[in-house]
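Note that the structure is a prediction, hence the values are computed from the model and not measured. Order of listing sets the numbers, starting from 1, for every ligand and every atom in it. By convention here, the first residue in the shown sequence is residue 1. All values below were derived from every heavy atom in this structure, side-chain atoms included, with hydrogens, water molecules and symmetry-related copies excluded.
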Amino acid sequence: MPTASSTDQKIATALVVGAGTMGHGVAQLLAMHAVQVHLVDQSDEFLQRARSWIADNLDFMVALGELAENRVAAILGKINFTTDLTGKLAEAAYVLEAVNEDFGLKRRIWAILGEKSAPEAILASNTSSYDINELAEGVAHPERIVGTHWFHPPQITPCVEVIPAAGASQANIERVMDFLTGLGKVPTICRSAPGFVANRIQMALAAEAIALVEEGLATPAEIDRIVKTSFGFRLGAYGPFEIIDQAGADTYLGIYQYLHAKLGRAHFQPPRLLAAQVKAGRLGLKSSAGFYDYGPGAADAMRRDRDRKFYARLKLVKKEWQK
Ligand SMILES: NC(=O)c1ccc[n+]([C@@H]2O[C@H](COP(=O)([O-])OP(=O)(O)OC[C@H]3O[C@@H](n4cnc5c(N)ncnc54)[C@H](O)[C@@H]3O)[C@@H](O)[C@H]2O)c1
């Protein structure tokens, strides 16, 4: 078997440790892109479970017309289901740690990854929240440590947050970005900090939704319906800053001021950055500049772009909501 050190920079072999909710999906996607994968878990029972999840996913892709039936066996054949972490590590050019979100467990796995992997292999964690520098502390060759935070279900969801450790080399960051792009993902580099980007936002949203239920203002089903049909509908097309620019920074500021005065909660404190934008007259589309700059005609172009995207999305989701 070739070792990672005998291969060039192309990632042909990967190892995923933790064949659970995330690990099996990542292994599936890698295998679909002809990457040889060692999928490692602690017992044959977990590996059997992962194998049947992947087989089911692939069969359903065939049923949906997303995959040719004659590819299924070859994809499954790319995955070696194994409990032998230490024996297989040296073969992998990309190693993803995807065990449970338990700091002590991850540290124990990382000690093994550091010791047994090829020195030039990319070492990554799928952690949702831990600082990659803390997880990988003491691991040799820090230039190869680049976290890759995949989103559930990883075989489908486009985003991967790429989190370089403090010592990661630019060449390895680029190598990870190229690898993920080649897998059809949309990777974005994030600084290593608790929760990175997406989970800070996602957890803030969930906390407020839960608070609304606790206060007796709406049921979970009512909140889910409102979110999906309102700003959730828009979020697949526009991120929060694009939406602020469309709505108007002054309007947002006014809402924060009212909510903060009425509800008194720290997270509704009008953000200083937003207040500065308003003071500078950067209100968004209506003033030709906001978080983004808009040239002449940009507001009209943006409105047409928005309508095109929204009507296309509306067709896709309308049937779901009318059930
Ligand atoms: N579930 C999600 O939606 C999601 C999304 C993004 C990131 N994550 C992160 O991905 C990681 C994995 O989460 P998950 O949801 O897949 O967890 P999970 O509990 O579904 O799977 C974890 C797997 O790790 C295995 N494992 C535990 N100890 C092991 C060991 N010593 N050797 C080999 N395998 C071992 C377990 O047997 C299990 O199969 C976590 O860090 C989590 O925070 C999860």
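Through direct or relayed side-chain contacts under 4.5 Å between Ile, Leu, Val, Met, Phe, Trp and Tyr, Ile201 connects to Val197. Grouped by direct or indirect side-chain proximity (heavy atoms under 4.5 Å, Ile/Leu/Val/Met/Phe/Trp/Tyr only), Leu64 sits with Phe60.
For the side-chain contact (heavy atoms from CB on, under 4.5 Å) with Val40, the lone residue among Thr82, Val16, Ile109 that qualifies is Thr82.
Counting heavy atoms of neighbouring residues, nucleotides and ligands inside a 6.0 Å radius, atom CD of Glu45 does not exceed 12 of them. Atom CZ of Arg200 sits in a sparse spot, with 12 or fewer heavy atoms from other residues, nucleotides or ligands closer than 6.0 Å.
In terms of the side-chain hydrogen bond (donor to acceptor under 3.5 Å, both in side chains) criterion, Gln257 has no residue partners (sequence neighbours excluded).
Contact residues for ligand 1 (protein heavy atom closer than 4.0 angstrom to any ligand atom): Val17, Gly18, Ala19, Gly20, Thr21, Met22, Asp41, Gln42, Phe46, Arg49, Ala98, Val99, Asn100, Glu101, Leu105, Lys106, Ile109, Asn126, Thr127, Ser128, His149, Trp150, His152.
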